[in-house]
Structures are given as C-alpha cells and as structure tokens.
J.: 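Submitted below is the structure of interest, expressed as structure tokens.
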Amino acid sequence: MKLYFTPRTCSLAPHIVIRELGLDVELRRVRIGPDPVVADDGSDYRRLNPLGYVPLLELDDGRLLGEGVAIMQYLADLHPAAGLAPAAGTFERVELQQWLTFISSELHKSFSPWLFHPEYGEQAMQVARMRIDNRFAHVEHHLEGRDWLLGDRFGIADAYLFTIADWSRLLKVSLTSFPRLAAYLERVRARDSVGEALRREKAA
Ligand SMILES: N[C@@H](CCC(=O)N[C@@H](CS)C(=O)NCC(=O)O)C(=O)O
C-alpha cells in the first residue's frame, strides 16, 4: 500500500494508525497547493485525487481510497485484534463514528481556513478561533476521568484528535483553559507510533 501525505497536515492521522499497526506502507509525499504534485517524481497529484488533497491510500491492487476517516477505519478493520476501532455493527462503533465526524466537521474544518487560507482574512480567523474554543470545551469536559476518547485504550479517534488539536501549537493557541486536553495531547505524543510517524514525515 501507499499513503499520499503532506507533513504536518491531517494525513498524519492515518499515518499514526499505520505505525500503530506496524504496516509496511510506502509513504509518498505530496506538495499540496493550487497545482499539487507528488514530490519525488513531480507528477500531477490530481490524476490520483482530482480533489487535490491528502490523505489518499493506494491499495496494492491499485484501488484508491480517500478521506481520512474512511482510510483509518479501513486500516483498523484489516487488523481487528489491534483494537483500534470497535467492531462494525456495534453501538461502540457508531460512537466512534460520532467522534470522527465531530473531529472532521467541527474541528478539522474549523482549523483549515485559519491554517491554510490566510486570504480569508482576520474576521474569518476570529470566527474560527471562537468555534474551536467552544469545541475544545466539549472535548475538555469529555476527557474528565478518561485517558482516551473512547473506552480504555488508544484508538483511531485519538490519532485524529491529536493530529488536529495539535495544530494549536502551530497557531500559538494557548491550551491553559483546557488542561485535560493539553495533558491528553502529551499522552498521545509520547506513543512510539506518533514519534515514529513524526520522524518519518520530517525525513521524507
Ligand atoms: N475531507 C478531507 C479533507 C482533507 C484535507 O483537508 N486535507 C488538507 C490537508 S489537512 C489538504 O490536503 N489541503 C490541500 C487542498 O485542499 O488543496 C479528509 O478529511 O480527508
């Protein structure tokens, strides 16, 4: 398999999942932007993903899978014994999907314009900041008495929440009002899988 990724972006989440599972996946770096290209050969990335964004997973038989939450669930389901996602058809799985959707639509896509689209202007940034603060308060409340988002073990929702919430550091957003979230991010960062994914992205 190949994972098309860009360092420090949302593609880190499926990359962490790959490291958690110990999968032998080839990393292919993409330079995102108006004319996205695959970094090592300069080919037009839109020929693989017409939407131009990462992440994208290419299976060994050539099939392509886009959207981070779909990629993470696919990978977790290939190796159910690793326990990164509850079994499909259970209430716990739907709870996982509830969190994945929350992270995707309420956090990820609130951060995106702020991080990647300065042309939206100051007002849009202020709206994003307020929205993120409100959503972080929800996470902070949920983390009371918990180490991980769901159940008593690390899972794919944690890989995703870490990836997105850690953008706070890039944007110099203080997490002093969210001490549980801050401690949670350090807990996730301390995992071997996360260290390995960050190292490989830096070296790629
Ligand atoms: N819905 C997609 C969004 C992916 C996304 O926003 N990717 C960003 C990086 S975090 C990107 O590649 N942006 C470049 C662009 O939109 O042109 C997903 O969740 O996988």
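Just so you know, ligand 1 is whichever comes first in the structure, and atom 1 is the first atom listed for that ligand. FYI, the numbering just counts along the sequence from 1.
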J.: Just jot down the ligand 1 atoms closer than 4.0 angstrom to any heavy atom of Gly68, in number order.
T.: 18 (C), 19 (O), 20 (O)

J.: Measure up the His108 and Trp167 rings against each other and bin them: parallel (under 30°), tilted (30 to 60°), perpendicular (over 60°).
T.: perpendicular

J.: Applying ring-ring contact (aromatic ring centres under 6.0 Å, His included), name anything that partners Phe154, two or more places apart in sequence or on another chain.
T.: Trp148

J.: Check each atom of ligand 1 against the heavy atoms of Thr9 and keep those under 4.0 Å away; list them by number with element.
T.: 9 (C), 10 (S)

J.: For Tyr4 and Glu26, test the side chains for any donor-to-acceptor distance below 3.5 angstrom and give the result as yes or no.
T.: no

J.: Which of the atoms of ligand 1 are close to Pro55, meaning less than 4.0 Å from one of its heavy atoms?
T.: 20 (O)

J.: Is Ile32 touching ligand 1 with its side chain, its backbone, both, or neither, if touching means heavy atoms under 4.0 Å apart?
T.: side chain

J.: Pairs in or reaching into residues 64-103: which pass ring-ring contact (aromatic ring centres under 6.0 Å, His included), with residues at least two apart or in two chains?
T.: Trp99-Phe102, Trp99-His138, Trp99-His142, Phe102-His138

J.: Hey, looking at atom 15 (C) of ligand 1, which of Tyr45, Tyr53, Tyr160 has the closest heavy atom?
T.: Tyr53

J.: Suppose I only count heavy atoms of Lys109 and a 4.0 Å limit; which atoms of ligand 1 are within that range?
T.: 3 (C), 5 (C), 6 (O)

J.: Before accepting this row, confirm whether a basic side-chain N of the pair Asp40/Arg29 lies closer than 4.0 Å to the acidic partner's carboxylate O.
T.: no

